[in-house]
Amino acid sequence: MSSGHEAAFWADEEADLLDPQTPHVVRDSKTPSGPVPIGHLRGPTISDAIFRTLRSRGVDARFVYTIDDYDPMDAASMRLQAGMAEHMGKPLFAVPSPDPTVAPDFAEYHAARFIALFAGLGITPEFHRMRDLYRSGALDRQIDLILRNAEAIRQIHKSVANVEHPEGWLPISIICENCGRIGTTLATDYDGKTVAYECRKDYVEWAEGCGHTGRISPFKGNSKLLWNEQWCAQWDHFGVTYEEGGKDLLTAGGSRDRSNAIYREVFKREPPLGLAHEFFTLGGKKMSTSKGVGATAVELASIYPPDLTRFLMLRTHPRRHVEFDPGGTTVPRLFDDYDRFGDAYLEEPESDMGKTWRLSQVSPDPEPPGFRVRFQILADWLQIPSVRPDVEAEKRKGARLTAAELRDLHRRLELARVWLDRWAPDEAKFAVLPTAPDVSLSDGQRRYLLAIKDLIGKVHDADEMQNQLYEYAKKTGLVDANGKPSQQAFAAIYLAFLGRPNGPKAGWLLTSLDPEFVCKRLDEVGRPR
RNA sequence: GGGCCAGUAGCUCAGCGGUAGAGCAGGAGACUCUUAAUCUCUUGGUCGUGGGUUCGAAUCCCUCCUGGCUCACCA
């Protein structure tokens, strides 16, 4: 439908790069070494969106996700934890689980958590654990190829990234037969069947080797390819054609450049395409859970509805950074935006906004959005005890809510409660003051407050109360030039109870409170000075 | 030093070759009902700078400035 000169939706642009006649494999991966920071959700969500786009075009596509549980434990934060120091440098699958009742080892513990997290967001790729790939020998052919070309690879590291490895270096880590560490070993001398290795005390800063030397086969799980080479091996094994990534990797002279060069040179294949996505920042700073800046993905995803989380990841073009502050008015604005995109989907599903909305849904083939109540309104409702959101929403819609609409309403209410509690600015909150505030009112306003005492305890319906308040304003003479009730009347009520000149619908407010309390307050504030 | 991103109305951003846009905020008004909602109208910008290409540029090219991220160890 687009002529080719028009700017296309980003997911379409990416999909356009791939030949629809051939099968495609979209890949992503993660090292299971800790909780997922919120920003790290962007990659998988983008990959999923592109995967879905390919699928919806009828392209033969797979979405492969590898769990890098053969990586060495190198997290600096872990070293300080009790009992963890001795495990530094070991492969993650060999590090003890933080909670053995949940998962048998460290890697699986964290993997299980992000797999569940992804599933909740509708991201359900084929998961492959590196331990299975290595141990089964699935990558042995690639390992052999890489080891035979070690010298060429060493040269590529040198020319592309200016990284110089020692002569005789092999791009592989052996699991030390003596101490079980993988991050501390240097391998050399591949003879086609075995390699020599040494577990060095000071090979890396973050772990200490045992000094063992030996000779062993690098196959069937005894070793792990180094990062760049492992990347190539997986591309080759799965036939990966598309892999996006963070800009930390996809930068000139960066990791991906090195892997691309190796893949072309050694594997004689064209590396996958893939865009580089920008990061989430908070106050201009990169989010970092270790520095206490930002939130973990599980935390946010447990609070936000999944489609809102996806929307947050997808509404901004991947190449642009997202300034994300979970506090303040972010949530209501995000939800307003989300609803606008939902409306766009109803009007024109093929618009960029419509597509973004569809890709934000957990289901790849979603129902169109139904009746929704604006988030900000729900936050107000929650602060007025007499309002029953289900009933109020039905009044608004003028019909019963469907099951899906009711579910959506309740998810919004849940988030609104959290928002009011944690993030809402004071302007968004109102609370009935426990004691009469010291506010200055006109004589007319005081008379009005005393007059409406008649209604308290007698009128129980909020709408009727609202009408009566209006009538009493007229009776009391609090009218403007046109004979209509002046704002002064209602302002008096808000000032008396909330200490500010505005608030929720006055009828709601007054019928929500204990009549005795209301009368007392009206007396206190309304009595002549 | 290399790479990437951003700089458009008070705020958040969209627009990415054809007479400057939206939402919110601000102002005025309508609905007998303050606030909110809904609707109508409205204020507000020399589109970071300087060049270039073009009949025409916020939009393409180059320079520079500002802010931010990122790589140059490992993964």
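Computed from a predicted model, the values in this text were never measured in an experiment. Below, chains carry the letters A, B, ... as their sequence lines are ordered, and counting in each starts from 1. The figures that follow rest on heavy atoms only: side chains count, while hydrogens, waters and symmetry mates do not.
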### Query
NA contact type, Arg396(A), heavy-atom cut-off 4.0 Å: base, sugar-phosphate, or nothing?
sugar-phosphate

### Query
Taking atom P in both C47(B) and G7(B), what distance in whole Å separates the two?
14 Å

### Message
Among U70(B), A75(B), U34(B), which nucleotide has an atom closest to any side-chain atom of Ser255(A)?
### Response
A75(B)

### Message
Quick check: do His157(A) and Glu229(A) have side-chain heavy atoms less than 4.5 Å from each other?
### Response
yes

### Query
Considering only heavy atoms and no angle criterion, is a donor-acceptor pair shorter than 3.5 Å present between the side chain of Glu323(A) and the base of U12(B)?
no

#### Entry: Exceeds 12 heavy-atom contacts within 6.0 angstrom, atom NZ of Lys458(A)
yes

### Task
Verify whether one side chain among Ser33(A) and Asp71(A) offers a donor that lies under 3.5 Å from an acceptor in the other.
no

#### Entry: Between U38(B) and U46(B) - C1' atom distance, rounded Å
37 Å

### Distance, P atom - from G52(B) to U63(B), rounded to whole angstrom
15 Å

### Task
Counting heavy atoms from C-beta on, name the nucleotide in U34(B), U70(B), C5(B) closest to the side chain of Glu278(A).
C5(B)

### Task
Just need the stems in RNA chain B: three or more back-to-back Watson-Crick or G-U pairs, each with both distances under 3.5 angstrom, sorted by first number.
B:1-7 with B:65-71, B:10-13 with B:21-24, B:26-30 with B:38-42, B:50-52 with B:60-62

### Query
Touch check for His165(A), heavy atoms < 4.0 angstrom, all strands: base, sugar-phosphate only, or nothing?
sugar-phosphate

### Query
Any idea which of U34(B), C69(B), A75(B) is nearest the Tyr494(A) side chain?
U34(B)

### Query
Base, sugar-phosphate alone, or nothing: which one does Ile493(A) contact when heavy atoms must sit under 4.0 Å apart?
nothing

### Query
When the C1' atoms of A20(B) and U66(B) are considered, how many whole Å apart are they?
24 Å

### Task
Determine the interatomic distance between C1' on G23(B) and the same-named atom on C4(B); round to the nearest Å.
29 Å

### Summary
On RNA chain B, more 5' by nearest nucleotide between Ala506(A) and Thr251(A) is Thr251(A)

### Query
Which residues within residues 313-321 of chain A lie with some heavy atom under 4.0 Å of an atom in RNA chain B?
Arg319(A), Arg320(A), His321(A)

### Comparing Asn467(A) and Asp336(A) on RNA chain B - which has the more 5′ nearest nucleotide
Asp336(A)

#### Entry: Pairing residues for His460(A) by the side-chain contact (heavy atoms from CB on, under 4.5 Å) criterion, not counting sequence neighbours
none

#### Entry: Residues forming a salt bridge (Lys or Arg N to Asp or Glu O under 4.0 Å) with Glu108(A), sequence neighbours excluded
Arg129(A), Arg131(A)

### Query
Taking the P atom of each, how far is C13(B) from U34(B), in whole Å?
34 Å

### Side-chain touch Ser255(A)/Trp227(A), heavy atoms, less than 4.5 angstrom
yes

### Query
Considering only the P atoms, how many Å lie between G10(B) and C73(B), rounded to the nearest integer?
45 Å

### Heavy-atom pair with the smallest gap, counting every atom of Tyr65(A) and Ser29(A)
OH-O, 3.5 Å

### Message
So if I take every side-chain heavy atom of Gln466(A) and compare against C74(B), U34(B), G2(B), which nucleotide ends up nearest?
### Response
U34(B)

### Message
Could you check whether any side-chain heavy atom of Val518(A) comes within less than 4.5 Å of a side-chain heavy atom of Phe497(A), counting everything from C-beta outward?
### Response
yes

### Query
salt bridge (Lys or Arg N to Asp or Glu O under 4.0 Å) with Arg447(A): which residues, sequence neighbours excluded?
none

### Message
Rounding to an integer number of angstrom, what distance separates C11(B) and G17(B) when you compare their P atoms?
### Response
27 Å

### Task
Apply salt bridge (Lys or Arg N to Asp or Glu O under 4.0 Å) to Arg264(A) and list each qualifying residue two or more places apart in sequence or on a separate chain.
Glu270(A)

